[in-house]
Amino acid sequence: MKIKTIIMLLVMVGAGMMLNGPALGGETNRAHLEAIVDNYIAACERKSAMLDSSSANIRRDAMLACLRATFCRTSKDALVDEMLASNVEPKPYKVRHFLNARFDEIVRINQLALK
């Protein structure tokens with residue numbers, strides 16, 4: 001009987017902590033997202049260093065990486081606000097997916113505007 005009571009209390013405490021976690025960590029969540037975006041920008045800048053490659057494909061990818069880094073750097077605050085509003089978890093793969101989708105959306109809109 002005591003073991004069941006202890007397990008039930010631990011489950012209740014764990015559930016309470018999970019419910020209070022997002023409410024307490026609003027600024028922490030923003031800081032994590034900003035750090036992940038900074039790492040994404042740094043990775044794009046490292047990739048953009050290959051603009052002098054002899055391969056046309058690598059040069060194209062380096063140019064896109066340069067554009068992605070510029071896009072993220074100039075609109076970092078707005079992107080983080082969008083991620084917070086969309087409840088994007090501060091995990092690198094989810095943030096990269098969000099940033100790539102936003103960049104592709106902007107490129108597609110600009111391509112349509114040029115036609």
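Along the sequence shown, residues are numbered consecutively beginning with 1.
- Taking CG of D81 as the reference point, atom OG of S86 lies at 10.5 Å (rounded to 0.5 Å).
- Between the side chain of H32 and the backbone N or O of T28, at least one donor-acceptor pair lies under 3.5 Å.
- L67 and L79 end up in the same hydrophobic cluster when Ile, Leu, Val, Met, Phe, Trp and Tyr side chains are linked at under 4.5 Å.
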* Can you list the steps and then say if K76 with D38 is a side chain to side chain contact (heavy atoms under 4.5 Å, CB included)? -> CA-CA 9 Å; K76 178 180 164 184; D38 287 337; 2.7 Å; yes
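- Separating the CG atom in D104 from the CD1 atom in I109 is a distance of 11.0 Å, to the nearest 0.5 Å.
- Qualifying side-chain contact (heavy atoms from CB on, under 4.5 Å) partners for N57, counting only residues two or more places apart in sequence or in other chains: S55, R60.
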* Report the C-alpha distance between R102 and E105 in whole Å, list the side-chain angles of each, state the deciding distance to 0.1 Å, and finish with yes or no for salt bridge (charged side-chain N to carboxylate O under 4.0 Å, His left out). => CA-CA 5 Å; R102 288 293 293 138; E105 183 180 322; 3.0 Å; yes
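- Minimum heavy-atom separation, P90 to L33: CA-CD2, 3.7 Å.
- Both F103 and I36 are part of a single hydrophobic cluster, where members link through side-chain heavy atoms under 4.5 Å apart.
- For the residue pair M63 and L51, the shortest heavy atom distance occurs at N-CD2, 3.7 Å.
- With sequence neighbours excluded, no residue forms a salt bridge (charged side-chain N to carboxylate O under 4.0 Å, His left out) with D77.
- For R59, the side chain to side chain donor-acceptor pair (under 3.5 Å) criterion is met by no residue, not counting sequence neighbours.
- The side chain to side chain donor-acceptor pair (under 3.5 Å) search around E89 returns K91, K94, not counting sequence neighbours.
- If you chain together hydrophobic residues whose side chains sit under 4.5 Å apart, F98 and L84 fall into the same group.
- In this structure, C72 and L99 have side chains that are in contact, with non-hydrogen atoms separated by less than 4.5 Å.
- Among residues at least two apart or in separate chains, side-chain hydrogen bond (donor to acceptor under 3.5 Å, both in side chains) pairs with a member in residues 41-52 are E45-R73.
- Legend: residues meeting side chain to side chain donor-acceptor pair (under 3.5 Å) with N100, ordered by chain and number and at least two apart, are Y40, R68.
- In this structure, F71 is a member of the same hydrophobic cluster as L64, with clusters built from ILVMFWY side-chain heavy atoms closer than 4.5 Å.
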